[in-house]
Amino acid sequence: MTSHTSPRLADALAAGTVVLDGGMSNQLESAGHDLSDELWSARLLAERPEAVTEAHLAYYLAGASVAITSSYQATFEGFGKRGIGREEAARLLGLSVELARDAVRQAQGAGVPRPLWVAASVGPYGAMLADGSEYRGRYGMSVDELERFHRPRMEVLAAAAPDVLALETVPDADEAAALLRAVRGLEVPAWLSYTVEGLRTRAGQPLEEAFGLAADVDEVIAVGVNCCAPEDVRGAVEIAARVTGKPVVVYPNSGEAWDARARAWRGRTTFGAEQVKAWREAGARLIGGCCRVGPQAITGIAGALAA
């Protein structure tokens, strides 16, 4: 089900380091789009799809080889709250992959010579709640209930034929267990990425235990962390590599902190391109940025890894 123009992402990770994109929302906001909405960047799938393609294209042109779709916040339940029915919601989920593919074609047309891949974002249950609970986990739901929530959306995204599913910003090992069940049989590889604090998931589980869940899952081609402080990356990379033997994916935030009550970022950037070499030495093979990391930073990462 992968694209016919590129080698498999798993093979590329086995061969070396691949550059991932940066934050979708900050790129859309810097282009003037208002995301102060529970659907966040997913709202633009319905209202301004060309803006999503432009954001992906900016990252490909900046040096990224993998773009993550704008489906992080896109769920049947979240769309349903806005009066969008299941059929239209499924169309929008599929569209998120198509828009990234459009950006691949435009980047190749602009002369980008390297292989380009599309990762379909599968955000955590907490993202749909839009109340910051993706940074806590522990929703009071069973693994079975979480699997039932995730599987239909993952089926629709898989049917759109992305190169990989990004099971990302997962705060809780229980939710990871549900996602790893749901990914079986979809015939699309996946990476699993936790949001962490120190050497634990946001829900407090040790990372050895959390990463261990994915060690024997054939569908998972990389494990790692995202949407965390840059300072928390190195230790997590070492554990992920040791526990799973798989390539490690890392895309931290800029280092600023999200104030959920004020819905604003506080503090300063602590993420620099010089850190990525240390992450690569520790086992990171897919490296980019998450919130507040833009195209300029991705160009810096690509340059540091190529040097």
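None of the values given here were measured: they were computed from a predicted structure.
When the ring-ring contact (aromatic ring centres under 6.0 Å, His included) test is applied to Phe271, the partners found at least two apart in sequence or on another chain are Trp279. The ring-ring contact (aromatic ring centres under 6.0 Å, His included) search around Phe79 returns none, not counting sequence neighbours. Annotation: side-chain hydrogen bond (donor to acceptor under 3.5 Å, both in side chains) contacts of Gln296 (sequence neighbours excluded): none. Taking Arg280 as the reference, nothing meets the side-chain hydrogen bond (donor to acceptor under 3.5 Å, both in side chains) condition, with sequence neighbours excluded. Applying the side-chain contact (heavy atoms from CB on, under 4.5 Å) criterion to Thr299, with sequence neighbours excluded, gives Ala62. Applying the side-chain contact (heavy atoms from CB on, under 4.5 Å) criterion to Ala67, with sequence neighbours excluded, gives Asp21, His56, Tyr60. The ring-ring contact (aromatic ring centres under 6.0 Å, His included) check on Tyr135 picks up nothing, with sequence neighbours excluded. Residues passing the side-chain contact (heavy atoms from CB on, under 4.5 Å) test with Gln27 are Ser30, Ala55, Ala58, Tyr59, Pro295, sequence neighbours excluded. Remark: Leu129 engages Tyr125, Asp131, Ser133 in a side-chain contact (heavy atoms from CB on, under 4.5 Å) (not counting sequence neighbours). Residues passing the ring-ring contact (aromatic ring centres under 6.0 Å, His included) test with Phe76: none are found, sequence neighbours excluded.
At a threshold of 4.5 Å between non-hydrogen side-chain atoms, the residues Val249 and Arg285 do not count as touching. In this structure the side chain of Trp191 reaches within 4.5 angstrom of the side chain of Val164, judged on heavy atoms. With a 4.5 Å cut-off on side-chain heavy atoms, Pro171 and Thr201 do not count as touching.
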Donor-acceptor contacts under 3.5 Å from residues 231-239 side chains, at least two apart:
from	atom 1	to	atom 2	distance (Å)
Glu231	OE2	Thr270	OG1	2.8
Asp232	OD1	Gly198	N	3.4
Asp232	OD2	Gly198	N	3.1
Arg234	NE	Glu238	OE2	3.1

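As a member of the Ile/Leu/Val/Met/Phe/Trp/Tyr network built from side-chain separations under 4.5 Å, Val143 groups with nothing else and remains a singleton.
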